[in-house]
Amino acid sequence: MISHPVSGRLPVPRRAATYHSAMTRVFSGVQPTGALHLGNYLGAFRQWVAGQRESDCYFCVVDLHSLTVEHEPGELAALTLDTAACFLAAGLEPDLVTLFVQSHVHEHAEMAWLLECNVSFGELSRMTQFKEKAAGRGAVKAGLFTYPALMAADILLYDTDRVPVGDDQRQHLELTRDVAMRFNNRYGETFVVPEAAVPEAAARVMDLQAPTQKMSKSEGSPLGRIDLLDGPEEVTQKIRRAVTDTDGEVSYDPDRKPGVSNLLEIMSAVTGEPVAEVASRYQQYGSLKADLAEALVEMLQPVRKRYELYSSDPGEMANLLEQGADKAAAVASKTLARAKEAMGLLGRTA
Ligand code: AMP
Ligand code: TRP
């Protein structure tokens with residue numbers, strides 16, 4: 001084994017458990033690309049909130065990721081603050097979790113480069129999110145292609161154990177694990193290999209108007225999406241107008257009956273009951289829709305209240321994000337230094 005040229009120390013194999021305290025480390029992120037919706041809430045936020053007391057949590061507004069498709073420079077900063085306010089509105093407690101903005105911690109971009117040099121063109125080409133987002137676009141940004149390396153950097157910088165995300169991020173998490181294991185094998189133990197945490201119900205909430213497509217911030221009609229901040233009338237109207245089918249029978253069959261199955265799955269996620277039990281309680285679409293609308297209104301009401309509180313003081317929000325960035329950078333800089341040393345980059349003497 002060759003000792004490090006500057007420190008003169010032999011690289012010591014490190015075990016994951018020595019990187020941070022015994023608490024499980026959690027990391028996740030959301031792009032500031034528009035109004036957050038029920039899919040974000042059920043797929044991601046609810047899990048974040050549920051684990052915030054027993055885990056050491058880092059949640060990030062991933063603004064660098066949002067540059068991989070066209071964006072409006074005049075709106076990005078406000079959207080970033082607003083997305084952070086929505087994290088808190090969803091129920092995160094500012095004194096329990098570390099909340100920050102990705103571009104405030106420069107280690108993310110630097111680590112992404114190291115990881116780009118440990119992931120292959122073929123692997124990135126197989127990413128379905130890339131294929132979907134690139135389809136039909138004239139000029140595809142190189143950053144859209146290398147996006148998963150930046151996401152892996154986000155996760156690996158914090159020695160993350162668990163990454164709570166919706167089902168659409170599974171493939172990116174698999175790639176992150178592969179890259180971490182490959183790096184550890186090639187350069188010595190450096191990264192914790194993280195696990196995805198995907199919820200059992202509503203891991204992929206579908207569009208209410210086009211139930212074979214996932215609910216999304218940017219695609220589909222506004223009627224197909226329930227926003228986190230929708231009021232009772234909007235929620236009720238969108239659920240009432242949700243596409244079902246003509247046979248009128250309530251049963252869970254995502255292939256044959258995607259519309260009603262989506263409603264059943266949302267109801268199961270909201271009440272915590274197994275989806276088959278929910279389905280057995282209803283004979284008619286009308287009563288399922290009425291109960292679901294009521295349950296969603298009740299679930300979202302406190303979110304809107306908290307949003308009013310946190311969005312009314314952008315200065316305070318910015319302060320919180322500053323403190324979060326300092327805390328995040330203290331962790332990220334150590335991991336980055338470890339990765340650079342492992343790859344053999346010449347360290348600085350001063
Ligand atoms: P994004 O809006 O793409 O930045 O996604 C942020 C988080 O929400 C990620 O964890 C996604 O997996 C999750 N998410 C986004 N859309 C959905 C959806 N329709 N159903 C469930 N989870 C979703
Ligand atoms: N790619 C994720 C999405 O679109 C956002 C994201 C970026 C993320 N970095 C992350 C999620 C790290 C979890 C962990 O939803």
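Read the numbers this way: they start at 1 and go in the same order the structure lists the ligands and their atoms. Residue indices begin at 1 and follow the sequence shown.
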Exercise for review: Report yes or no: does H37 have a heavy atom closer than 4.0 Å to ligand 1?
Suggested key: yes
Review point. Considering only protein heavy atoms, which is closest to atom 9 (N) of ligand 2, and at what distance to one decimal place?
Key: D154 OD2, 2.7 Å
Check your understanding: What atoms of ligand 1 come closer than 4.0 angstrom to any heavy atom of G43?
Key -> 21 (C), 22 (N)
Practice item. Would you mind running through ligand 1 and noting each atom that sits below 4.0 Å from a heavy atom of Q169? Key: 12 (O)
Exercise for review: Report, in ascending order of atom number, the atoms of ligand 2 lying under 4.0 Å from any heavy atom of S28.
Suggested key: 13 (C), 14 (C)
**Study point:** For Q31, atoms of ligand 1 separated by under 4.0 Å from a heavy atom
**Key:** 4 (O)
**Study point:** Verify same cluster id: V61, L229 (apolar side-chain graph, 4.5 Å)
**Key:** yes
Practice item. With heavy atoms of A203 as the reference, note each atom of ligand 1 found under 4.0 Å away. Key: 20 (N), 21 (C), 22 (N)
Point to revise | Which of the ligand 2 atoms, numbered from 1, are nearer than 4.0 Å to a heavy atom of H65 | key: 7 (C), 9 (N)
Check your understanding: Can you get from V62 to Y41 by hopping between Ile, Leu, Val, Met, Phe, Trp and Tyr side chains that sit under 4.5 Å apart?
Key -> no
Point to revise | Within-cut-off N or O pair, N40 and ligand 1, under 3.5 Å | key: yes
Practice item. Heavy-atom contacts with M215 under 4.0 Å: which atoms of ligand 1 show up? List them by number with element. Key: 16 (N), 18 (C), 19 (N)
Review point. Is there any N or O on D168 that sits under 3.5 Å from an N or O of ligand 1?
Key: yes
Practice item. May I ask whether W48 and V163 are part of the same hydrophobic cluster, defined by side-chain heavy atoms of I, L, V, M, F, W, Y residues being less than 4.5 angstrom apart, directly or through others? Key: no
Check your understanding: Between Y158 and F100, is the gap from one ring center to the other below 6.0 Å?
Key -> yes
Study note, to complete from the structure: For I155, the atoms of ligand 2 under 4.0 Å from one of its heavy atoms are 12 (C), 14 (C)
**Study point:** Those atoms of ligand 2 less than 4.0 Å from some heavy atom in Q169
**Key:** 1 (N), 2 (C), 3 (C), 4 (O), 15 (O)
Review point. Is the Lys NZ or Arg CZ of K289 less than 6.0 Å from the centre of Y282's six-membered ring, within 45° of the axis?
Key: no
Check your understanding: When you look at H37 and D227, which way does the side-chain hydrogen bond (donor to acceptor under 3.5 Å, both in side chains) test go after all the steps?
Key -> CA-CA 4 Å; H37 53 73; D227 288 336; over 6 Å; no
Point to revise | Atoms of ligand 1 close to V205 [distance to a heavy atom under 4.0 angstrom, numbered from 1] | key: 18 (C), 19 (N), 20 (N), 21 (C)
Review point. Going by heavy atoms, is L42 under 4.0 Å from ligand 1?
Key: no
Point to revise | Short N or O distance, Q31 and ligand 2, threshold 3.5 Å exclusive | key: yes
Study note, to complete from the structure: Only residue of D159, D56, D161 satisfying side-chain hydrogen bond (donor to acceptor under 3.5 Å, both in side chains) with R25 is D56
Point to revise | Test item: side-chain donor near acceptor, Q283 and E249, under 3.5 Å | key: no
Exercise for review: May I ask you to decide if G220's main-chain N or O and Q209's side chain share a donor-acceptor pair within less than 3.5 Å?
Suggested key: no
Exercise for review: Quick one: look at V30 and ligand 2, take heavy-atom pairs under 4.0 Å, and tell me if it's side chain, backbone, both or neither.
Suggested key: neither
Point to revise | Atoms in ligand 2 with a heavy atom of F27 nearer than 4.0 Å | key: 12 (C), 14 (C)
**Study point:** Top protein contact for atom 4 (O) of ligand 2, by heavy-atom distance
**Key:** Y147 OH, 3.0 Å
Practice item. Would you check whether K217 has a nitrogen or oxygen atom less than 3.5 angstrom from a nitrogen or oxygen atom of ligand 1? Key: yes
Check your understanding: Numbering the atoms of ligand 1 from 1, which are under 4.0 Å from a heavy atom of A44?
Key -> 7 (C), 8 (O), 10 (O)
Exercise for review: Please work out whether any backbone atom (N, CA, C, O) or any side-chain heavy atom from C-beta onward of D168 is under 4.0 Å from ligand 2, and answer side chain, backbone, both or neither.
Suggested key: neither
**Study point:** Co-membership, hydrophobic cluster, residues L36 and L38, 4.5 Å side-chain
**Key:** yes
Revision key, fill the gap. Heavy-atom proximity to atom 9 (C) of ligand 1 ranks first, among G166, P199, P32, for G166
Review point. Is the ring centre of F191 less than 6.0 Å from the ring centre of F183?
Key: yes
**Study point:** M215-V297 co-clustered via ILVMFWY side chain contacts under 4.5 Å
**Key:** yes
Check your understanding: Just heavy atoms, cut-off under 4.0 Å: does V163 contact ligand 2 by side chain, backbone, both, or neither?
Key -> side chain
Practice item. Kindly say whether L309 contributes a backbone atom to a donor-acceptor pair with the side chain of D313 at under 3.5 angstrom? Key: no
**Study point:** D253 backbone acceptor or donor facing S261 side chain under 3.5 Å
**Key:** yes
Practice item. Within a distance under 4.0 Å of any heavy atom of G29, pick out the atoms of ligand 2 and give their elements. Key: 5 (C), 6 (C), 8 (C), 11 (C), 13 (C), 14 (C)
Review point. Can you tell me if CD on E93 sees more than 12 non-hydrogen neighbours from other groups inside 6.0 Å?
Key: yes
Check your understanding: Can you check whether G39 has an N/O within less than 3.5 Å of an N/O in ligand 1?
Key -> yes
